[in-house]
Protein chains: 2
Amino acid sequence: MATTIKDVARRTGVSHSTVSRALRGNTLISSETTERIRQAAQEMGYQPSAAARSLKTNRTQVLGVIVSSIADPFFGEILNGIEACVQERGYSLFIAASQHDPVKERQIVQTMMEQRTDGVIICSSSFSAEQGRQLLSYGFPVVAVNHQAAENFHYSIYHDDVDGSRQITQHLIALGHRKIAYLGNARSGRTTMDRLSGFTQAMQAAGLEVRQEYIYHVQGGDPALGADSVAYFQQLAVRPTAIVCFNDTLAIGVLKACNQAGIRVPDDLSVTGFDNITYSAFTSPALTTFDQPKYSIGEEAANLLLDLLHTKDDGHEEAERVKVLQGKLLVRASTAAPRPDSQDIHE
Amino acid sequence: MATTIKDVARRTGVSHSTVSRALRGNTLISSETTERIRQAAQEMGYQPSAAARSLKTNRTQVLGVIVSSIADPFFGEILNGIEACVQERGYSLFIAASQHDPVKERQIVQTMMEQRTDGVIICSSSFSAEQGRQLLSYGFPVVAVNHQAAENFHYSIYHDDVDGSRQITQHLIALGHRKIAYLGNARSGRTTMDRLSGFTQAMQAAGLEVRQEYIYHVQGGDPALGADSVAYFQQLAVRPTAIVCFNDTLAIGVLKACNQAGIRVPDDLSVTGFDNITYSAFTSPALTTFDQPKYSIGEEAANLLLDLLHTKDDGHEEAERVKVLQGKLLVRASTAAPRPDSQDIHE
DNA sequence: TTACCTTTTGCACACGTGTGCAGAGATGCT
DNA sequence: AGCATCTCTGCACACGTGTGCAAAAGGTAA
């Protein structure tokens with residue numbers, strides 16, 4: 001059994017309330033007593049019980065974070081941003097992975113409720129809107145990150161995917177590409193639609209046609225699915241000279257398949273990614289991508305949530321807050337001008 | 001304020017103790033009352049408070065996990081294994097990243113203690129032995145995963161790094177390589193030493209010389225550091241024909257640098273990784289590596305810890321338990337026979 | 001009816017911490 | 001001395017849940 005506040009009280013010959021006040025720095029207690037108690041607590045290795053404290057104060061100093069997968073380096077970097085921020089402000093994290101599984105999502109929400117997390121950050125873009133409402137209805141402050149059902153959450157942090165995708169596409173157009181394809185991830189809802197939207201906008205602004213068969217969606221974001229998609233694009237009568245991939249992991253798969261199929265990147269085909277995960281800089285050729293400020297997104301989300309918690313006590317200002325962060329185009333080696341002899345389309 | 005057990009009691013016209021028993025499935029309560037209470041609790045959206053419960057029961061149903069970095073896909077897969085296992089058995093995870101930072105390590109240990117985590121899994125191989133002892137001295141059941149200071153922990157899960165590295169090296173020797181270098185990560189202590197040891201054993205068993213300058217250590221596991229190391233090996237008077245890298249991330253960096261320097265892999269140089277992270281299959285060429293069963297390691301660690309928690313109550317059997325898991329050699333495309341014209345060494 | 005047993009429920013306390021309030025002691029002022 | 005004021009500490013209760021024990025309710029037998 002761990003040493004309690006009462007053990008410290010007994011040892012120092014005071015009441016447990018005095019110990020409580022002394023350790024919390026209450027000025028009511030004389031500085032000599034405070035020092036004596038601090039000393040004893042230190043020696044006895046006393047650690048306050050978070051459970052007892054939060055039972056009394058109704059605050060846990062813990063934030064819940066829901067991601068779809070812990071192993072995904074994309075979420076990893078967001079988590080790093082969140083953690084750095086909350087730790088600095090004295091909070092800890094309760095992390096759960098939903099794995100796109102509705103059953104797990106229910107369990108996670110229940111666990112968060114039982115743990116009485118002070119707030120929740122939802123990083124899983126596909127996290128069920130119903131479960132999100134569940135959390136809100138229980139009074140949890142919730143901050144959504146890149147969530148597809150934007151309308152459900154008052155507080156959220158987004159990356160400007162439309163703009164990013166537009167910039168990526170414009171870059172390819174500027175290089176001279178006209179037959180550009182989009183490879184999406186059907187599972188990521190709003191995110192893939194936004195990126196498709198930016199793609200379409202850039203194409204139309206340049207007066208270029210968006211061919212039906214150049215829009216292709218796969219059921220996930222694994223490199224393996226990206227690799228598979230190359231076969232699809234290759235069997236088209238008129239092949240694209242560039243592929244805008246939904247994210248880096250898909251692009252990595254595309255690069256791999258091209259390499260195996262003897263398609264030279266960027267000579268025969270330009271490929272772009274999105275997100276700028278660590279490994280995108282180490283592919284061959286290095287991936288041209290859009291740097292989504294993952295770490296900052298994590299920080300902003302955590303800051304927003306913590307601010308929310310601290311203002312809530314004062315007056316309850318229900319101002320809706322949505323922050324959109326801008327990323328940066330990163331031109332590396334997987335994009336180049338199309339070959340001059342590449343067959344062109346005029347109709 | 002969340003609804004409490006007393007609210008449910010008031011609503012159903014019974015005492016809070018009856019509600020507590022009914023919801024816990026105590027057979028003392030008649031089945032009709034139990035059903036009526038269950039119904040009401042459901043309707044009112046009652047969720048028991050984990051804090052109050054654990055204050056009373058002295059169990060939190062939460063396990064702490066300490067990793068060095070959340071963003072590292074290697075730990076991500078271990079975490080997946082741990083999570084799948086504990087969730088099935090009704091536990092949740094409290095995850096913290098030490099980032100190789102002693103200050104953070106202290107904070108993490110303190111947080112775990114305050115949270116009264118039922119047990120702790122240390123995945124960070126470099127986690128300070130002193131902090132580990134701290135946890136043990138407070139009575140925490142601790143399971144160490146691939147920890148460098150094996151002697152400090154009674155309960156641990158290890159991957160057989162010596163054997164893995166031996167197999168990797170034997171594979172290269174079988175291909176005809178004789179000038180083989182080892183690229184280590186100085187920060188990972190025991191792990192890098194074990195892999196170096198396996199390397200040395202294989203070399204000596206084949207009667208091959210281990211040249212001093214072929215053993216090179218960098219200060220971390222980033223791809224960038226792997227890339228930097230290529231310059232070192234290139235300036236050697238007698239260059240190696242193969243490099244055994246400490247892990248996949250370093251190897252990915254090496255591949256990248258080779259690509260940029262015009263060194264063809266595997267024609268001019270064979271490169272091997274270790275761990276088999278997802279991206280190692282998607283490099284060009286695909287990386288020959290050693291598949292460490294990360295998911296299983298996570299599962300085994302979680303199972304060991306949970307078993308520990310459940311037997312501890314009965315009789316306290318202090319049997320030391322160490323489990324060593326075997327991996328599997330994965331030959332892909334980054335290794336091949338050395339070029340016949342490659343200068344040989346005879347002395 | 002009383003006595004006794006079984007089933008079901010409530011009382012009361014405990015877990016470890018925080019805090020309003022009262023009270024003890026010290027000090028200063030008239 | 002008497003009183004007010006200030007500083008410091010302890011009492012007692014609360015947070016939400018679990019549980020030993022007593023007791024109420026209901027049933028059966030004499």
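Order of the sequence lines fixes the chain letters, A, B, ..., with proteins taken first and strands second; residue numbering starts at 1 for each chain.
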Which atom pairs link the protein and nucleotides 19-24 of chain D when you take only N or O atoms and keep those under 3.5 Å?
| unit_1 | atom_1 | unit_2 | atom_2 | d |
| --- | --- | --- | --- | --- |
| dG20(D) | O6 | Arg21(B) | NH2 | 2.9 |

Interatomic distance, Arg10(A) CZ vs dG10(D) C1' [rounded to whole Å]:
16 Å
Could you tell me which residues satisfy salt bridge (Lys or Arg N to Asp or Glu O under 4.0 Å) with Lys323(A), sequence neighbours excluded, listed by chain and number?
Glu300(A)
Taking the nucleotide of DNA chain D with the nearest heavy atom to each, does Ser49(B) or Ser15(A) sit closer to the 5' end?
Ser15(A)
With sequence neighbours excluded, what pairs up with Phe153(B) under the ring-ring contact (aromatic ring centres under 6.0 Å, His included) test?
His147(B)
Find the distance Arg53(B):CZ to dG16(C):C1' and express it as a whole number of Å.
18 Å
Rounded to whole angstroms, how far apart are CG on Asn26(A) and C1' on dC8(D)?
11 Å
Contacting residues from residues 32-48 of chain A, given that a heavy atom lies under 4.0 angstrom of DNA chain D
Thr33(A)
Which residues satisfy the side-chain contact (heavy atoms from CB on, under 4.5 Å) test with Ser20(B), sequence neighbours excluded?
Ile5(B), Arg24(B)
With Asp118(B), which residues qualify under side-chain contact (heavy atoms from CB on, under 4.5 Å), at least two apart?
Arg59(B), Thr60(B), Gln61(B), Leu63(B), Tyr91(B), Leu309(B)
Starting from C1' on dT17(C), measure out to CG on Asp7(A) and report it in whole angstrom.
13 Å
Which nucleotide, dG18(C), dG16(D), dC8(D), lies nearest any side-chain atom of Leu55(A)?
dG16(D)
Given atom CG of Asn58(A) and atom C1' of dG18(C), what is their separation to the nearest angstrom?
13 Å
For Asp7(B), give me all partners under salt bridge (Lys or Arg N to Asp or Glu O under 4.0 Å), at least two apart in sequence or on another chain.
Arg10(B)
Could you pull out all residues at least two apart from Ala301(B) that satisfy side-chain contact (heavy atoms from CB on, under 4.5 Å)?
Ile121(B), Val143(B), Val145(B), Ile157(B)
May I ask you to verify if any side-chain N or O of Ser30(B) is less than 4.0 angstrom from the OP1 or OP2 atom of dT9(C)?
yes
Residues in salt bridge (Lys or Arg N to Asp or Glu O under 4.0 Å) contact with Arg11(A), at least two apart in sequence or another chain:
Glu43(A)
Within this structure, what is the NZ-to-P distance between Lys6(A) and dG10(D), rounded to whole angstrom?
14 Å
Steps toward side-chain contact (heavy atoms from CB on, under 4.5 Å) verdict (Arg321(A), Tyr155(A)):
CA-CA 5 Å; Arg321(A) 265 201 273 172; Tyr155(A) 305 98; 3.8 Å; yes
Which parts of residues 109-120 of chain A get close to DNA chain D, meaning a heavy atom less than 4.0 angstrom away?
none
Can you list the residues that meet the salt bridge (Lys or Arg N to Asp or Glu O under 4.0 Å) rule with Arg38(B), with sequence neighbours excluded?
none
Partners of Ser128(B) by side-chain contact (heavy atoms from CB on, under 4.5 Å), sequence neighbours excluded?
Glu105(B), Glu130(B), Gln131(B)
Modelled atom types, side-chain donor and acceptor of Arg89(B) and Asn303(B), under 3.5 Å:
yes
